[in-house]
Structure formats: structure tokens, C-alpha cells
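Each remark here refers to the structure printed beneath this line.
Computed from a predicted model, the values in this text were never measured in an experiment.
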Amino acid sequence: MVIKNKIFTLNVTEQGTLDLLRLNADPYRMNWVITEDYLDEVNYYSKDKLFGNFIIKIEDKIYNSAYIKPEIKRQKEQIIVQYEFSEFQLEQVFDVSDTDSFNWSISFTNKRKIPLKIQDFSVWIPFSYIMFRDTSVRRNVHQSAAVFPSLSPDFSKIAVMRRSSEDSSLGMYQLAGELFSVGSYCEFQNKFFEDISPSLDGLIYHKMILSGKNTSNEMDWIYPGKEIVVEAEGSEKWQYQIDEIIDQQAFIEKGIEIGHSKISYPEMVPVNQPFEVTVYGTEVVAAAMEWEVAGRHHTKKLNIKDGQTIFGIAAYCGEHRLSIELANEKKDQVVINAMESVRELVERRVDYLCNRSYGLEEESAFSPLSNQGESLGKLSLILKKNLLAEPKIEEVQKVEKSLNHYVLNKWFVKGDFKKPRNLYGSFYRVMDFEYLGHVLYLLSLFPDQLLQEQRADVYLEWAAKVVELRINPDCHDSLRAKEESEMLGVFFLYINELIEELAQRNIGDHDKLRSLWENNLFEILEDNASLKAVTTEHYFDNAGFGPAAAALANAGYTKSCLQYGELLLANIGFSNDFRFQNPDRWWEALAYMIHSLWGGITAAAALDVFHAVKNPKYLEASYRAFVGVLYCYDPHSTTTTKIEAGEAVSTYAVTSPHDNRLDLSRNRFGQETFAKDGGIFARIFDENSRQTSDWDMGEEMVAYLDRFGQDAYVYYDEEAVLKVVNGRAEIRENETFITSYAPYPRNIYFLHEKELIRLEGNGKEAILKMND
């Protein structure tokens, strides 16, 4: 049955599921929900997870709507779907009687004369979170969406953002009933070991948890869940409004219009430092901060000024839930992270790598051993820290020794750069070389007196050779290698500086390398219409459009960089929970997640675009993403698997329950945990080896240290409100004192009329005068 209004067209199937949700004015005619037809097209089988399907558990009996025929009625602009059971009735109403919105309600009626407990109740909402198996990138850009939840007692909402932020998206808002969690299930295909690129596609089915106990790991105290009890012959109702939105700002503004509050909060605060949370649109009558220490729960009331601004100081590290009571008797919340000094975090990490990860499995090698170049990010992190702080000779020389006595012979036959080893059976992976190139470039920046194995100029010459191998297709014989050499990657982090350093020292054929890089950029520019650079091993991947946006931005192609930059803005999430707003990627977790490496690289790209175009949206998005990445290094988490100081894990799964692996729900882990699942995972990882959860980490922390690791930013938003990114402001009389949170502070920048002005000061503190 089809119903429509001014904005939406819907179709509800005979099974009671929604298989068409379309914006009438959409030029791309995107269907916002996963359909049975697409599942047939790609041989995926989870047809019991279509939009509106539900699973409910009552008195230990489980009912799945996918196997039950409902009664369907139409009343003007409404379609009513009823499921009758002996003890209860469940009804869904799809309603477009409002001209501009789509309203969806779910009602549960208890037929018994005694109370009835709903042990579990979940409803599938599979928005079009699809990586289409299609090398036509535009299909993924215009027909696919990322899903970013914000959970709250009375104001839960879900942003469903099309992967091109230049097009309309959807906002889904809670009107009645509580949403306890958003879970997911992933279906995917991977042909990594076949001679195919791109090789990976998949989709994620999301579901709402409307009743039930905590489905996360047992440490997740922030979202406890609840089993709903329906009184005798009573009912329970959940209601949502879905609207067309343009961007993040429109998503927030629509929420305010509906009655949701708007909250401005710091995603990260230094422990024992004051912070502020501002609530717009309604009056705050009470606020409390909750946290845990050694498994014990603590609560503290917070001070409120003018019914709008909440003040607090977090005395303990870890996640903190701020519970907010409003004058309209509604409740809202935000989740922030109180962190120790990031500088201490970085330096303990480097100490851990040098003293507890070195020489364990093989002499001169950092663990875990891996064929993939991502594992070399650890070496780059050690070097970058020693370039920013007083160098520790023993740390630098361990990297040197590892490079000369392990790395070069692992990736090349007898260390010959012209003879890469086939580490993947019949082929080698060209992308591995960009990580090695970074290690070599960073080593070349140290003075000779600190180096033991080679002179700095030798490392610089080697870096040039390895980077040429990475970007020059003529260096390779196989078609796969030639194609990979033309893909972008993390080398945007350093290639411009490498070329300049070669020119200054007059080493190697720097003109050739510059020409190769420029040709690479020209190819991106020529293919801007097709967005070819988006495709990597995935059909659509922030590992492609992140580096493309940054490379073009850093080369001065500001107009062209925005074509990829728009994809970045749609990719980086936003939420009332700092852990839910990372760059959207799914492969490493089979769920919406933080992935330290590609989260950090995407964050770095967003900041590079900001520097090129001076749009604060990119600045804010970059910082949100980096805060999520730091969480993967944080030993003070109280809601996930514990890690020691200096340890790290590559992945945090946002969804709960994570139906592919329930034990990974809202938990941190490394990809090696999937080895037990078999398939491609078992071929990449060995669950019985000394594989650890940080094998692909390090490069993203170097990207952070080159950016927010040194710089903070200040600007006035469109409403003339002062914003500080990576720091805080304190007003004293006619002056505003800015304090940077950067661990190695160098600069505090003020964005004024599309120009970045460095504020006077030592980089840690600065004064912003009223006339600036």
C-alpha cells in the first residue's frame, strides 16, 4: 500500500514492513530503507530484518513478526498494521497525514488482567546503510546513508545522513516511549585474497531496543536498559517523527522545533579542570554528574547558572554521564570523557611500545608481527613523539634497529627496494609502502649524532625510493599493483614535506617525485565528476575520500577539495555521546564503530580541509573524530574492557547489541578477535598467536600530534558565541584567556574573516582581546 504527503512517499508490504521511503523532491530517488529486492541482487539473506520487523520476548516465549501474517488497514494517509496474539496486541501505524513529516508509532496492548513484563523488544529500522557492490561511486554517494544515534530518556534521535552532505538527509526523533539502545547486524562479502579491487561490500541492519536489560558488555553502566512492565489491560506506546533535514545544524534545529533540547558540551575535558555545558531552548532545573571508580557508582550535583549553563569539574578519569532535568519535567543527558594529560598518555604509549612490545616474537621487531604496513605506524609514533619532545636516544635507536634488521628484509627481498616480497601469497600490497615511507621520512629528521645505523640523508633517500614505489605504477608489473599505486592513502600526511626536504637537501630525484605526485593529483582533478578516488579496497571508503580531500586541500585546490570534503562532513558523526560521533566505518567491527587508524586519518583530512577553506564545520568534525580515536588509547575507561597504561585497542563498537558478536557490544577490541569466526579473518589473524589488539595503530596518533597535538583554535559562530576547539576560554574583565589542551602546544589560532591569526603567547595560553 502506498501513501504519500508533500515530502514523503511510503509503501508498506503485505508482511507489514516498509519497503519504500522516498523524499518526493529527491533528484536521486533514493530509497531510505533496505529492500528485499536488493538482498536478492547481492545474495544476502536476512529478510527477517526489514523495516518494521520485530522480535518480542514475553514469559520466555519469543515472537518474530517475520513469520506472522498481520492484518493491514488503510485509513486515509495512515496504514495500520496489527499483530494479534493470545495475550497481547502489537500495532504499528505509518502516518503521513502531517504535510511535512512521517510519523511512526508502535503500540503494545496487554490483553491480560494482570501485569505483563516485556523481557525483550526490538524493532528493525534498516535504513539504507549499504556499501553498494558497484564501482559507480555515485550510487554509494547518493543512495547510501550513515546512521548516528543519540540516546536520551526523553529526547533520543537518530541522524540518517546521506553520504553526500550536499543532498537531503533524514532525522528521526523520539516523541513518546524510551529508546534504550540501537543495535545492529552486518552482512558482508570480502574478496581481499582474490585478485579483485575493490573487494569488500556489505550492509548493516539497525534495530531499536525498546525493552530489555543491558545488551552491552557487563561494564557498560551508562545505558543499563530496562524491562518494561505493562499494567493489566494497559498499553505502552513508542512514537517517532521522521523529517527531511539538510545537515547537522538542521537536524538540531528540527529537534528544537519538536521540543528536543539543544546541548553544547565538551566531548573531552581534562581531569580536575572546569567545564561548561549549555542547554538551549528550555530551562534546566537540576543536573548531576555520574561516574564510576573501581566499580562503585558515584553521583554529584552540578551548579547551574541562569537556568542554562551547567558547571562542573571531573575529579576522576573516565566516562561521565551528565543527567539533566528540565522545567518541562523531561530529562536529557550527555556523555563526556574526562582524560588525564594527553601528553602523559602519548609518552606512556611510546614507553610501552619500546619496553613491552619490542623483541618479543622476533629480534628487533615490534609486536605484533604483521604482513600489513599499518603495523609500522607504531614506529612512526615513537619517532614523532621524540621529534616533539626531548628525544630519548634508546627509543629512536630501537626504531632504527627494527627498520634496518627486520622491516626492510620483511617487505623486500634482501632489502632491495626494487624487489618487494609477495607477503600475501601471490601478490604484495602497494599500500604497505606508504607506512614504511613515513618511518623513513621521520628518521631523516633526526640529527646524525642521534642515529646509529645510517645517516639522516640515507633515510631521506630511502624514503623517496619507497614513496615512488607507492605512487608510480611503472615500478610494478602486475595490474593489481599498478592500480593500487594510483590509489590515495596516508602518505598525504607527509609527502609534501618529504618533497620539500629532498629539495632543500638536494637529495634524490625530487623533481621526479614531485611530478609523479602532481600527476596523481591531476588524475584526481580530472576524475572529480566520477569521484574515482573514493574507491579503495572498498566500493566506497573514507580511506579514499579522506586522503583525496586532504591531498587536494594541501595542494591548494580548494574548490575541488570540497567535492571530497562534503563526503567527510557526511561521514563524521555527531551525538550526545562522545563515543558515537567518530568517522563512520564498519569493516573492522562489522558494526558502526570507532576505528583508530581510519578514524584518525579521516579526522586529519577534515582539519586539512578546514585550513584550506576556513569553514568551522570541518574543524569541529575533525576534533570530534580525534576525541573518539583517543578513546582507543584511554586506560581509564570504566565501560569497556580494561587496558593497561600504554596499551591500546584499534576498535570500539558503538552498537548494542552487536548481533554478529554479542560480546563486542559497546566494547573495545582488535580485529584478531574475529579469527575464531573463520573465513577471511582466520587467514589474516591467528587467534592462537601473540596477535594483539593494536597491530594497526600508531599512524593516526602521528596525524593527531601534527594537528591537535600542537594547535588549538578559537572562533565566533554564526550567533556570535565564542567557540574554543581543543581548549577552553575564561573571561576576565575585557579579556578572554584561552588555554590549549594540546599535549605539545605550539599555536592558538583565531579564525577571523576567513583568516587564521596566531594569537600572541606561548602556544599554551593566549589572550583574545575584545577588539580582535
Identify whether NZ of Lys or CZ of Arg in R624 sits under 6.0 Å from the centre of the six-membered ring of F574 and within 45° of that ring's axis.
no

Starting from the C-alpha separation in whole Å, work towards a yes-or-no answer on side chain to side chain contact (heavy atoms under 4.5 Å, CB included) for E395 and V350.
CA-CA 8 Å; E395 292 177 352; V350 169; 3.5 Å; yes

So does K392 pair up with D351, basic N to acidic O under 4.0 Å?
no

Just by distance, do the side chain of S650 and the backbone of D694 share a donor-acceptor pair under 3.5 Å?
no

Roughly how far, to the nearest 0.5 Å, is CG of L493 from OH of Y435?
9.0 Å

Run through L381, L353, V439 and flag the one making a side chain to side chain contact (heavy atoms under 4.5 Å, CB included) with V399.
V439

CZ/R421 to CH2/W411 distance, rounded to the nearest 0.5 angstrom?
11.5 Å

Compare all side-chain heavy atoms of I495 with those of I471 and state whether any distance is below 4.5 angstrom.
yes

Compute whether any side-chain donor of one residue and acceptor of the other, for E700 and H595, lie under 3.5 angstrom apart.
no

Derivation of the ring pair (Phe, Tyr, Trp, His ring centres under 6.0 Å) call for Y592 and F580
CA-CA 9 Å; Y592 168 46; F580 292 13; 7.3 Å; no

Between the side chains of R579 and E267, is the shortest nitrogen-to-carboxylate-oxygen separation below 4.0 Å, so that they form an ion pair?
no

Step-by-step ring pair (Phe, Tyr, Trp, His ring centres under 6.0 Å) determination, H611 to Y713
CA-CA 11 Å; H611 275 269; Y713 300 83; 5.6 Å; yes

Distance, nearest 0.5 Å, that separates CG of D134 from OG1 of T535:
9.5 Å

Quick one: pull up CD in Q454 and OG in S444 and give me the separation to the nearest 0.5 Å.
13.0 Å

Short side-chain to backbone donor-acceptor contact, R162 and A145, under 3.5 Å
no

N542 versus N571, side-chain donor and acceptor atoms under 3.5 Å:
yes

Can you check whether F492 reaches I601 side chain to side chain, under 4.5 Å on heavy atoms?
yes

Determine, for E523 against K532, whether the closest basic-nitrogen to carboxylate-oxygen distance falls under 4.0 angstrom.
yes

Should F433 and F417 be marked as a side chain to side chain contact (heavy atoms under 4.5 Å, CB included) after you check the CA-CA gap, both sets of side-chain angles, and the distance that decides it?
CA-CA 10 Å; F433 304 138; F417 296 130; over 6 Å; no

For the pair R480 and E484, find out whether any cationic side-chain nitrogen is under 4.0 Å from an anionic carboxylate oxygen.
yes

Take the angle between the ring planes of Y428 and H476 and call it parallel below 30°, perpendicular above 60°, tilted in between.
tilted

Under 4.0 Å between a side-chain nitrogen and a carboxylate oxygen: does that hold for R429 and E374?
yes

Below 30° counts as parallel, above 60° as perpendicular, anything between as tilted: where do the rings of F708 and Y704 land?
tilted

Quick one: does any side-chain atom of Y424 pair with a main-chain N or O of N371 as donor and acceptor, under 3.5 Å?
yes

Do other residues, nucleotides or ligands put more than 12 heavy atoms under 6.0 Å from E760 CD?
no

